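Everything on this sheet refers to the single structure shown next.
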There are 2 protein chains.
Amino acid sequence: MVTIKEVAKRANTSIATVSRVINNSSYVKEETRQRVLQAIKELNYQPLTRQLAGRENQFIGLVVPDVSNPFFGKMARGLADAAGKFGYSITLCNIDGICRGEDDYLLDLIENRVDGVIYASSHRIREVIKRAKQKKIPLVMLDREIKYTDINTVTIDNNYGAFLATEHLISLGHKKIAFIGGPKNFQISEQRRIGYEKALEKYGLSYDEELVYTGIFTMESGFKAVKQLLEDKKSFSALIAANDLMAIGAINCLNQHGISVPDDVSVVGFDDISIASTMEPKLTTIAYPIERISERSLELLMKQISNEDVCPEKITLFPKLIVRGSTKSLKE
Amino acid sequence: MVTIKEVAKRANTSIATVSRVINNSSYVKEETRQRVLQAIKELNYQPLTRQLAGRENQFIGLVVPDVSNPFFGKMARGLADAAGKFGYSITLCNIDGICRGEDDYLLDLIENRVDGVIYASSHRIREVIKRAKQKKIPLVMLDREIKYTDINTVTIDNNYGAFLATEHLISLGHKKIAFIGGPKNFQISEQRRIGYEKALEKYGLSYDEELVYTGIFTMESGFKAVKQLLEDKKSFSALIAANDLMAIGAINCLNQHGISVPDDVSVVGFDDISIASTMEPKLTTIAYPIERISERSLELLMKQISNEDVCPEKITLFPKLIVRGSTKSLKE
DNA sequence: CTGAAAGCGCTAACAT
DNA sequence: ATGTTAGCGCTTTCAG
């Protein structure tokens, strides 16, 4: 392990000066500076124990319900890449309330071992916020909006995303568009449903409750939704799912009934998880802009880490429509 | 932040004794011990700067190609849970060779900031092993076997897994069983193909090269495989995919051709990723035993971390067949 | 502009 | 059985 001492020796200066160079904390003669930089490079030096001297330890905690869910997998990947650019590493923590009793332990752990946390789970959310405030732990909420709290938040405009999806289908001539959504008590489900409703309204189509199905965010649920719709003899030429997993389940069900996507029914998903682009037909979807989300989250977190008093803010990013093979003009 | 000092004060003893209790490093009178434990609990104390005093920092690095792939997502989840039980946290690192030039940086980072690493990517693998040996960084290879090197490894018996899958189908009466595999130059693809071949042999069925397709491990590839098979007019009543993603793609294609799973064709996957159990039909598959794999990997790593000279070993776990809805007896 | 030195939380060697 | 203390790598006064 290379230490600051060795760097100092090689650069023929003191450890204090090396520290100054690393942290850019005060003026160092350009010449000395260069020598230090050179030594750092040659020795491949990295400061590793800053934490002790009261500084950050360059770790940030990411809390998701479950990385094995492709959506959170995508999120973890994006955040890990972004963190790397800031010289930070991601510590992964899955909290979905399944491992009963371990939450406390996990929460303590994450709070104590990282410089900041990105929280993307709903589990014990209000408590997490309270604790973070008390302990002054930098926190950014990802993809969850907590009303009436001034907490740093990064989200996407779900309403707009669903609006885009609907608009796309309408522009293709579809008039009977089903919506299969998530649980009513999830903000994002409702937002996406409302976006759909607003788009219909804007284009003078009526909102038909019979074409709206409420499920949960799984493939299975998407499958059941379509099954139900079909059994109930609802007629529709297009369908919007509240996330890609549901969309995939829906397509499966359609296929099994001999209904072709996109020839007979067009389908739009939401999130653009990795498999959306490797299925057949490739899924038209609303892309959750993970790169930008990650960047902005990290920025907010970094601000908090370096600066004691920053004003919390909420950043809302706009998702984008990605047209692929699962949607098509309504046939005459 | 609670320090050892505060604990000592509250327990009315010295910091050395507290340290002893924490590390179980020497005898402490039971009474004192209890007082210390009590204080630790009351203050919610956690030692956080051990690293500095030459000890571990309780982080282990997990390197995968890409967590957004559901298989690696499952792996990350399993490992994170297991690490938690040892009081360790997982630091996530995606190295798939896509971010060119950043590998070096990532490798340095991971090597310097963790007590050990679990490596489950193929990227720069021999180099990683060399560096780990040089720097004496505890390393466990996951799911990749490197021949002619004595490196701690945990894998599953892929041959056996595919054998099980084939045997299952044969026991259901299937005789024409297709196999859609991964790249020829991947060990696991070959192992799985061979397991399939051996099972056919054992039960006196002939291995028909025409029923073996070589693809890559994606849904798209599974789809194409079946498309090809169908176009070539191959006849088969069952199909084994080298992983779940391919199996799902295959099922999609079958469905689109009006072929029902499992009524017309039975399908077995491999891995048991999370979506395998929420699709319709639920996928019969060979489960990658992530809990046991995680446990064993951690154990091997812990041994290396605590003990300087341990003999490297290779642990091979046996996967299990999980029968669900995508397989069925051959119809008469 | 730079160096010396204190101190961060903790462990381990040394005392007692 | 327990306390005292040096020292780990680093940052940050404090002196020059």
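Worth saying up front: this structure is predicted, and the values here are computed from it rather than measured. The figures here come from the full heavy-atom set of this structure, side chains too, leaving out hydrogens, waters and symmetry mates. Here is the naming used below: chain letters follow the sequence lines, and residue numbers restart at 1 for every chain.
The shortest distance between the side-chain N/O atoms of B/Thr32 and the OP1/OP2 oxygens of D/dA1 is not below 4.0 Å.
The distance from atom CZ of B/Arg113 to atom P of D/dG9 is 17 Å, rounded to the nearest whole Å. In this entry the distance linking CZ of A/Arg35 with P of C/dC1 reads 14 Å, nearest Å. B/Gln34 places its CD atom 16 Å from the C1' atom of D/dA1, with the value rounded to the nearest Å. Atom CD in B/Gln46 sits roughly 15 Å away from atom C1' in C/dC10 (whole-Å rounding). For the pair B/Glu30 CD and D/dT2 P, the computed distance is 10 Å after rounding to whole Å. When rounded to the nearest whole Å, the span between CD of B/Gln58 and P of C/dT11 equals 10 Å.
Axis orientation changes by 40° from one end of the helix from C/dC1-D/dG16 to C/dT16-D/dA1 to the other, with each end axis drawn from 5 pairs and the value rounded to 10°.
Listed by chain and number, the residues in a side chain to side chain contact (heavy atoms under 4.5 Å, CB included) with B/Ile15 are B/Ile4, B/Lys5, B/Ala8 (sequence neighbours excluded). Scanning for side-chain hydrogen bond (donor to acceptor under 3.5 Å, both in side chains) contacts around A/Ser122 gives A/Arg144, with sequence neighbours left out. Partners of A/Lys29 according to the side-chain hydrogen bond (donor to acceptor under 3.5 Å, both in side chains) rule, which considers only residues two or more places apart in sequence or in another chain, do not exist here. Under the rule for a side chain to side chain contact (heavy atoms under 4.5 Å, CB included), the partners of B/Ser68 that lie at least two apart in sequence or sit in another chain are A/Lys74, A/Arg77, A/Ser274, B/Asp66.
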Scoring nucleotides 11-16 of chain D by protein non-hydrogen atoms under 4.0 Å (B base, S sugar-phosphate only, - none) yields BBBB--

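Between the side chain of B/Ser121 and the main chain of B/His123, a donor-acceptor pair closer than 3.5 Å is present. Not one N or O on the side chain of A/Ser294 forms a donor-acceptor pair closer than 3.5 Å with the backbone of A/Arg292.
Under the 4.0 Å criterion applied to side-chain N and carboxylate O atoms, A/Glu6 and A/Arg10 are not assigned as salt-bridge partners.
Between A/Phe71 and A/Phe217, the gap from one ring centroid to the other reaches at least 6.0 Å.
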